[in-house]
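No hydrogens, no waters, no symmetry mates; every other heavy atom, side chains included, goes into these values. None of these values were measured; they are calculated from a predicted model. Convention: sequence-line order gives letters A, B, ...; per-chain numbering from 1.
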Amino acid sequence: MTAPPVVSTDPVDGPPVEPPRTPVRRRSSARRAVQSISPAYRRRVLWILILPAVICEVLVYVLPILGGIFTSFTRVNQFTIRDWFSAPFVGFDNFKLILSSTAVGGPILKSLLVSLAYVTCVVGISLLLGTVAVVYVRSLRRSARFFQVFFVIPYAVPAYAGVLAWAFAFQGNGAVNTLLHKQLGLTDDILYLQGGHAFASLVVAAVWRTWPFVFLMMLAATSNIPTELFEAIQVDGGGRWAETRNVILPHVAGTIGVLSLLLFVWNFNDFVTPFVFFGQIAPVAGNLFPLNVYTTTFVSFAYSVGSAVTLLAVVVLAIFIVFPYMKVTKFGEEQL
Amino acid sequence: MMLIRRITATMLAISCALVLVGVMGYPDKDPISIPTGGGTWQMVYNKKILADAGITEIPKTWDQFVAAAQKATNPAKGIWGTASDVANVSNMTTWQWILMRQYGGDFFDKSTGKATADLPQNVEAMKFFLDWIGTYKIMAPATAQYNASQAEEDFNNGKVAFLFTQGRGNLTMDESKYGAAYLPMRSETPPKDQAVMSHVAGENVILFRSSKKQDAAIKWVKFLLDDANNVQKNLMNGSIPVTKTASASPKFTAIVDKVDIKIAANYAQTPQINSDDGPLSQAFARAIGQLAGKVATGKSVSNEDVAGALKGVQDAALAREAAQK
């Protein structure tokens, strides 16, 4: 295939001028030179070029993952950790322990369900807040949009500092209880990090940290929507809701899909929030999966059981991640 | 092998001069490590709060303790009889073990090494501890979520009458304002095996058989255990000395150190060494911590609730034990 000739216009008022053909010819000859190289050689060069990336990938991702899988089939504990690879091989014993004992597997399953509920709430509320904020900001005059900077501040605060501030706020004598109970008298004297409140407190802190990211992404996704579409809605007498439903949401559907996946993974793996809130003893409603695995296995030297639990969780999570990922990215479909 | 025997012989020779011999390795076997500094739990009390509440005698039994703590408690002023870092696993695994030992319980059976998390004695001891928040109301509900050293902070800020803690490292209050005493027990003359006020804590040195500098290692241990050095090191660390002669040094003038040296000599026990010690004791502390959370939110927790929670801990321990076979 040959590239079409580029046509330029005379800067003053002259007719279209044909550009010189030499560069085009040069490009074609370069392409012919590449095509004349044997496919085997080209493949070899490609492999050499991607080799550093492959080596890094293997060292940083593949080997540690294989190490984790290997550990789940051995008995690495405080007695064998010093000579990790010589730990006794125990086959599926660690998996049997988790799956056959309700005393061991029950609490883990419970924390997995708590985590899924947590992720659902955080992702759902963050997406809603982010979308509403974008619709609101779009409705403002350009000069007033400066204030959107404040929406993004929580995203810029280091995760640990933000969560720590919330942990202080939710203490018995913290800001939340002091305001709602002692000053306004709206609630009872509540320990927000205990019982069912623990779950709600986790969700509040996580949404506070997550939704600005949704806002930023949605703002970027909506910035290229042609203004004619909004004008058309206005001409037809449509309001803000019609704009959102008929213009904004169809344009950002793909972004929402990818965002949901990202936020799902990030929040499911959220260790900082529950650990800063509860330390090693979390109430059942706040005992998220990563914290539970950490406290019940790794902290007490049961490294192999911890690896087995994590491996099982990866399998379960894959169901929630791989299929949506394939759908969102249209993986496997012929690209046009 | 020659070198290993030399180290063992050195350690055995040193152990004759040590107070804390229980923490050198498995019972009745050659020692594997040498303690260089020690520590025990003790009870400290705020003199002013006790004086204001008209408490003139330091409680020696738990009944006396509860009565005194109730007298001192004044939630309106933010003052509580006692405090505890209930959600701090490493604190609680020790504290709960001490209480259980006073009731005759333990994490493991001494002769078989099998898990005994749900012993009735353990249930009774933990119910008593949870009652500090619920029934007796001598400990603030907020302590259920203390996961660092907030109890010590409360004490240092003059908000707590009695505090159970290890050593003087976390006490920043002026020493003239607090006193230190033995921990209360169930009676003033409990059975000898239940007269437990502390575990034997501290830091140990291990000489590795793979070391290429055995001579230097032995010299180093002897240096650390030299009386003058051991006194100096532990004075600076806020811990107590480990040799009998260093323990008698008049340089340990801090009230906490004086009490700790006595507790180490007379009322400290060594927890059993067991491969499941970490998982079991930590699961135990989490189970009790979650129950404390319930109590703190105003729900009642019965003996059956405690027994049920500890049965879960016990079942998990038995499952782990079966998987080890």
Side-chain angles (χ1 to χ4, degrees), chain A residues 75 77-80 82 88 90 92-98 100-108 167 170-174 177 188-198 201 275-287 291-292 295-302 304-306 308, chain B residues 75 78 85-93 117 133 140-148 150 154 159 208 210 273-299 309 311-325:
Chain A
R75 187 181 296 144
N77 55 26
Q78 70 265 49
F79 301 108
T80 52
R82 193 165 169 260
V90 295
F92 285 94
D93 280 6
N94 294 318
F95 295 93
K96 276 189 221 156
L97 172 68
I98 299 157
S100 64
S101 162
T102 47
V104 176
I108 291 172
F170 285 133
Q171 295 292 322
N173 54 359
N177 200 34
D188 291 335
D189 194 0
I190 293 174
L191 288 174
Y192 286 94
L193 298 182
Q194 292 295 341
H197 289 102
S201 302
F275 188 69
V276 172
F277 270 25
F278 311 116
Q280 289 186 36
I281 301 182
V284 177
N287 204 3
L291 180 67
N292 191 25
T295 54
T296 56
T297 60
F298 294 110
V299 165
S300 44
F301 314 112
S304 292
V305 181
Chain B
D85 298 315
V86 181
N88 178 327
V89 169
S90 83
N91 265 20
M92 284 303 107
T93 50
I133 301 177
T143 56
Q145 55 198 38
Y146 282 9
N147 57 19
Q150 293 94 329
D154 285 356
K159 301 287 182 193
F208 283 96
S210 54
I273 300 174
N274 191 296
S275 63
D276 199 41
D277 175 51
L280 188 146
S281 61
Q282 292 176 14
F284 194 99
R286 279 193 298 276
I288 298 304
Q290 289 182 338
L291 287 177
K294 273 190 181 175
V295 178
T297 51
K299 291 180 184 133
K311 183 162 188 316
V313 177
Q314 173 72 1
D315 288 347
L318 293 179
R320 284 193 298 271
E321 195 181 297
Q324 296 279 325
K325 283 177 184 167

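Only the backbone of B:Val86 has a heavy atom closer than 4.5 Å to any heavy atom of chain A. Contacts between A:Leu193 and chain B at a heavy-atom distance below 4.5 Å involve backbone atoms as well as side-chain atoms. With a 4.5 angstrom heavy-atom cutoff, A:Ala282 touches chain B only via backbone atoms. At a 4.5 Å heavy-atom cutoff, the contact between B:Ala319 and chain A is made by backbone and side-chain atoms alike. Of the two parts of A:Thr102, neither the backbone nor the side chain holds a non-hydrogen atom closer than 4.5 Å to a non-hydrogen atom of chain B. Proximity to chain A (any heavy atom under 4.5 Å) is shown, for B:Ser275, by both the backbone and the side chain. Heavy atoms closer than 4.5 Å to chain B are found in the side chain of A:Asn287, but not in its backbone. Heavy atoms of B:Gln290 lying under 4.5 Å from chain A belong to its backbone as well as its side chain.
Among B:Gly278, B:Pro279, B:Ala142, the residue with the largest count of heavy-atom pairs under 4.5 Å with chain A is B:Pro279. Of all the listed residues (B:Asn88, B:Asp315, B:Asp276, B:Val89), the one sharing the greatest number of non-hydrogen pairs under 4.5 Å with chain A is B:Val89. Most heavy-atom pairs under 4.5 Å with chain B: of the set A:Asn77, A:Val299, A:Asn94, A:Val305, this distinction falls to A:Val299.
Between B:Ala296 and B:Ile133, the closest heavy-atom pair is CA-CG2, 4.2 Å. For the pair A:Gln280 and B:Arg286, the tightest heavy-atom approach, listed with the atom from each and the gap, is O-CD, 3.3 Å. Residues A:Phe278 and A:Pro283 come closest through the heavy atom pair CD2-CD, 3.5 Å. A:Gln171 approaches A:Asn177 most closely through the heavy-atom pair O-CB, 4.2 Å.
Between A:Phe170 and A:Phe277, the angle of the ring planes goes over 60°, which puts this pair in the perpendicular group of the 30/60° scheme.
Here B:Lys159 contributes atom NZ and B:Gln150 contributes atom CD; the two are 16.0 Å apart, rounded to the nearest 0.5 Å. Summarising the geometry, atom CG belonging to B:Asp154 is positioned 9.0 Å from atom OG1 belonging to B:Thr143; distances are rounded to the nearest 0.5 Å. Summarising the geometry, atom CE belonging to B:Met92 is positioned 7.5 Å from atom CD1 belonging to A:Ile281; distances are rounded to the nearest 0.5 Å.
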